Amino acid sequence: MSDPVTATGGARFAGPECAISDPGPLGMVTIRGEAADPAFAAAVQAETGFALPPVRRFEGEAEAGLCWMSPDEWLLTCPYDEAEARAGRLRAAFGGLHALAVNVSDARAAFRIEGEGARALLARGAPVDLAPAAFGAGDVRRTRLGQVAAAFWLGRDGAFRLVCFRSVGAYVFDWLKASAASGARPAGF
């Protein structure tokens, strides 16, 4: 089997206010099911180590955690080489439940955005209130950025993680880089 390659090949950019980087291959497993079903919630927690996060929340550390994506969808992030096995264990744990776990690692691109201007950078392209009082560590938004679908969350380390479809990964990196290059920061950040 060949080595995994990210959409941007490890691209990095350091602007005047923030840095953007491709963290390398990241494991991602889409989980779908009924949050109110105790058997589903227990199976997810047993395999991931995290309770189902509430609406617009991320549980975990950096690139290893569970992210709310919609009322019946969560995204498990983990080391790339663990994703397929974890998806398989989740499917086995679901048994006869109406639930799904799929390894989507190779269908997504991931970025880390850090620095004083990270909030302002994302605010330029996403219709999200990113003021510190409105968006803190562990908060998640599934939205649009630069007119493409994306999701991002803020880690406890102060860095944002952003995921998008792999097919637009290079575009998203270029959009972030061009927007960060000026260093201009909107008022309020």
Side-chain angles (χ1 to χ4, degrees), residues 1-15 17-32 48 50 53 56-70 73-87 90 100-115 117-128 130 135 137-181:
M1 185 168 187
S2 61
D3 292 331
V5 177
T6 64
T8 61
R12 300 193 181 293
F13 173 78
E17 297 277 336
C18 64
I20 305 150
S21 60
D22 168 347
L26 178 63
M28 291 180 249
V29 177
T30 291
I31 302 168
R32 305 239 17 194
T48 68
F50 302 105
R56 295 186 306 274
R57 294 291 298 166
F58 176 83
E59 299 295 333
E61 294 291 332
E63 286 84 15
L66 191 59
C67 183
W68 177 92
M69 297 299 277
S70 75
E73 181 181 0
W74 296 265
L75 181 69
L76 173 66
T77 57
C78 61
Y80 180 87
D81 58 354
E82 294 178 13
E84 188 60 38
R86 293 189 82 173
L90 278 161
L100 154 78
V102 177
N103 178 2
V104 296
S105 306
D106 294 327
R108 304 287 185 266
F111 300 98
R112 177 183 170 95
I113 306 160
E114 57 191 321
R119 284 179 188 276
L121 173 60
L122 292 172
R124 288 182 192 138
V128 175
L130 286 162
F135 198 97
D139 283 335
V140 173
R141 291 301 181 276
R142 189 171 184 180
T143 186
R144 299 191 76 69
L145 178 84
Q147 299 305 314
V148 299
F152 54 82
W153 57 93
L154 179 60
R156 283 182 239 161
D157 61 357
F160 285 88
R161 275 54 173 206
L162 183 144
V163 296
C164 63
F165 291 112
R166 180 184 185 94
S167 60
V168 296
Y171 164 79
V172 169
F173 180 78
D174 288 345
W175 186 93
L176 290 166
K177 183 172 74 170
S179 296

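Every value quoted in this text rests on a predicted model; they were computed, and no experiment measured them.
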Less than 3.5 Å apart, which donor and acceptor atoms pair up between the side chains of residues 141-151 and the rest of the protein, not counting sequence neighbours?
unit_1: R142; atom_1: NH1; unit_2: M69; atom_2: O; d: 3.3
unit_1: R142; atom_1: NH1; unit_2: E73; atom_2: OE1; d: 2.9
unit_1: R144; atom_1: NH2; unit_2: Q147; atom_2: O; d: 2.8

Name all residues meeting the side chain to side chain donor-acceptor pair (under 3.5 Å) criterion together with T6; count only those two or more places apart in sequence or in a different chain, and write none if there are none.
D22
Just checking F165: does its CZ atom have more than 12 heavy atoms from other residues, nucleotides or ligands closer to it than 6.0 angstrom?
no
CG-CE distance between D106 and M28, expressed to the nearest 0.5 angstrom:
9.0 Å
Partners passing side chain to side chain donor-acceptor pair (under 3.5 Å) against E63 (at least two apart in sequence or in another chain)
R161
Full working for side-chain contact (heavy atoms from CB on, under 4.5 Å) between L176 and F13
CA-CA 9 Å; L176 290 166; F13 173 78; over 6 Å; no
Minimum heavy-atom distance G169-T8, with the two atoms named
O-CG2, 3.8 Å
Between W68 and S70 (side chain of the first, backbone of the second, donor and acceptor by atom type, cut-off under 3.5 Å), is there such a pair?
yes
Who pairs with L66 by side chain to side chain contact (heavy atoms under 4.5 Å, CB included), at least two apart in sequence or on another chain?
I31, V44, T48, F50, L52, P53, W74, L76
Quick one: closest heavy-atom pair of S21 and R12, and the distance?
CB-NH1, 2.8 Å
Of the non-hydrogen atoms in F160 and A118, which two are nearest, and what is the gap between them?
CD1-CB, 3.8 Å
Minimal heavy-atom distance between Y80 and L26, with the atoms involved, is CD1-O, 3.9 Å
List the steps and the verdict of side-chain contact (heavy atoms from CB on, under 4.5 Å) for L121 and I20.
CA-CA 10 Å; L121 173 60; I20 305 150; 4.0 Å; yes
List in chain and number order the residues that pass side chain to side chain contact (heavy atoms under 4.5 Å, CB included) with A83, two or more places apart in sequence or in another chain; answer none if no residue qualifies.
V29, C78, N103, S105
All side chain to side chain donor-acceptor pair (under 3.5 Å) counterparts of R57, not counting sequence neighbours:
D139
Go through the steps to decide whether V140 and L75 satisfy the test side-chain contact (heavy atoms from CB on, under 4.5 Å), and finish with yes or no.
CA-CA 11 Å; V140 173; L75 181 69; over 6 Å; no
Quick check: do V128 and F152 have side-chain heavy atoms less than 4.5 Å from each other?
yes
Applying side chain to side chain contact (heavy atoms under 4.5 Å, CB included), can you list everything that pairs with A109, at least two apart in sequence or on another chain?
A7, F111, C164
What residues form a ring-ring contact (aromatic ring centres under 6.0 Å, His included) with F58, not counting sequence neighbours?
W153
Has R119 got a side-chain atom pairing as donor or acceptor with L130's backbone, closer than 3.5 angstrom?
yes
Across all chains, not counting sequence neighbours, the side chain to side chain donor-acceptor pair (under 3.5 Å) partners of R86 are E47
